[in-house]
Amino acid sequence: MSPVIVHLDMNSYFASVEQQANVHLRGRPVGVCAYLQPRGCVIAASVEAKRLGIKVGMTVQEARQKAPDTFFVQNDPAKYRAVTSRIFGILSEISDRIEHYSIDEAFLDLTGWCRDAAEAAFIFSRVKKRIREEVGEWLRCSVGIAHTRFLAKFASDRQKPDGMVVITKENLDWHLAHADLEDACGIGKRLRRRLE
């Protein structure tokens, strides 16, 4: 039996949790910051803020210059942990083989729990629906399903936000042919130059 590995990645997580908690932030560009001073760092940006060019790592001052209408909030770790706990509660009903990769990411090994990647995709379409209905309608996640952890993570990054990509041995070459080196986890501009 081929392994079935799933990677779930919550989209714009801290910002989405803030939008879920405050209806007035929904649909607006939101930046979550470590500190709200001009030199404070943006640690998460909502989907709307990303569309305006706001990126993680920018200072509040840089982000304000890029998108003046952005609403900035200070991070609230306790709030994010509470939401994560509810999401992982849903995941724990799917498999007992869960690796908490970060506060908003997880790998699940479904080998033996489902027949193939297609069944895993069906299960996770329901998981995505449950997260919206039971945790928060403003929360979205991307899901990658493959036969290795690396490819599952690669797959979840292929279609954001709110996507689901299944990579099989049959379509692997197609996915790789339509990707850049930097699309692979861990490869940035400097490593890309060395590899090329």
Please answer whether the main-chain N or O of [Y] pairs with a side-chain N or O of [X] as donor and acceptor at a distance below 3.5 Å.
X: Ser16; Y: Asn11; result: yes
X: Glu119; Y: Arg115; result: yes
X: Arg140; Y: Glu137; result: yes
X: Arg86; Y: Glu134; result: yes
X: Gln159; Y: Met164; result: yes

**Message:** Go through it in stages, so that I can follow the logic: the residues are Ser156 and Asp9, the test is side chain to side chain donor-acceptor pair (under 3.5 Å), and I'd like the CA-CA distance, side-chain angles, deciding distance and then a yes or no.
**Reply:** CA-CA 7 Å; Ser156 72; Asp9 185 6; 4.9 Å; no
Show the nearest heavy-atom pair for residues [X] and [Y], with the distance to one decimal.
X: Tyr80; Y: Asn75; value: OH-CA, 3.5 Å
X: Asn171; Y: Val166; value: ND2-O, 3.1 Å
X: Thr111; Y: Ser2; value: CG2-O, 4.3 Å
X: Val60; Y: Phe72; value: O-CZ, 4.2 Å
X: Val4; Y: Ile145; value: CG1-CG2, 4.2 Å
X: Ala63; Y: Met58; value: CA-SD, 4.1 Å

Using a 4.5 Å cut-off on heavy atoms from C-beta on, say whether the side chain of [Y] contacts that of [X].
X: Ile54; Y: Lys50; result: no
X: Thr148; Y: Ile5; result: no
X: Glu105; Y: Lys153; result: yes
X: Lys66; Y: Leu52; result: no
X: Ile123; Y: Cys114; result: yes
X: Arg64; Y: Thr70; result: no

**Request:** Please state whether the rings of Tyr101 and His7 are parallel, tilted or perpendicular, taking 30° and 60° as the class boundaries.
**Result:** perpendicular
**Prompt:** Parallel, tilted or perpendicular: which fits the ring planes of His100 and Phe88, with parallel below 30° and perpendicular above 60°?
**Reply:** parallel
**Message:** Between Ile131 and Cys141, is the side-chain contact (heavy atoms from CB on, under 4.5 Å) condition met? List the steps.
**Reply:** CA-CA 9 Å; Ile131 290 171; Cys141 63; 4.2 Å; yes
**Request:** Would you check, one step at a time, whether the test side-chain contact (heavy atoms from CB on, under 4.5 Å) holds for Leu91 with Phe124?
**Result:** CA-CA 9 Å; Leu91 297 181; Phe124 270 82; 3.9 Å; yes
Joint hydrophobic cluster, [X] plus [Y], side-chain heavy atoms closer than 4.5 Å:
X: Val42; Y: Val17; value: no
X: Val127; Y: Ile98; value: yes
X: Ile43; Y: Val47; value: no
X: Val73; Y: Met10; value: yes
X: Val165; Y: Phe150; value: yes

**Prompt:** Passes salt bridge (charged side-chain N to carboxylate O under 4.0 Å, His left out), Lys129 versus Glu133? Steps please.
**Reply:** CA-CA 6 Å; Lys129 186 172 185 282; Glu133 291 177 352; 2.8 Å; yes
**Prompt:** With no hydrogens and no angle check, do the side chains of Thr59 and Gln61 hold a donor and an acceptor under 3.5 Å apart?
**Reply:** no
**Request:** Rounded to the nearest 0.5 Å, what's the gap from CZ on Arg97 to CG on Leu108? Could you check?
**Result:** 10.0 Å
**Interatomic distance, Lys79 atom NZ to Phe14 atom CZ [nearest 0.5 angstrom]** = 11.5 Å
**Item:** Residues Leu172, Leu151; criterion side-chain contact (heavy atoms from CB on, under 4.5 Å); working and verdict
**Value:** CA-CA 9 Å; Leu172 174 59; Leu151 289 174; 3.7 Å; yes
**Message:** If the threshold is 4.0 Å, N to carboxylate O, is there a salt bridge linking Lys128 and Asp162?
**Reply:** yes
**Message:** Check this for me: does any side-chain nitrogen of one of Glu93 and Arg130 sit under 4.0 Å from a carboxylate oxygen of the other?
**Reply:** yes
**Prompt:** So Trp113 and Ile94, side-chain contact (heavy atoms from CB on, under 4.5 Å) or not? Walk me through it.
**Reply:** CA-CA 8 Å; Trp113 288 86; Ile94 309 300; over 6 Å; no
**Request:** From the options Arg28, Glu48, His24, select the one residue that forms a side chain to side chain donor-acceptor pair (under 3.5 Å) with Gln19.
**Result:** Glu48
**Fill in**
The residue among Glu18, Arg26, Arg132 that forms side-chain contact (heavy atoms from CB on, under 4.5 Å) with Trp138 is Arg26
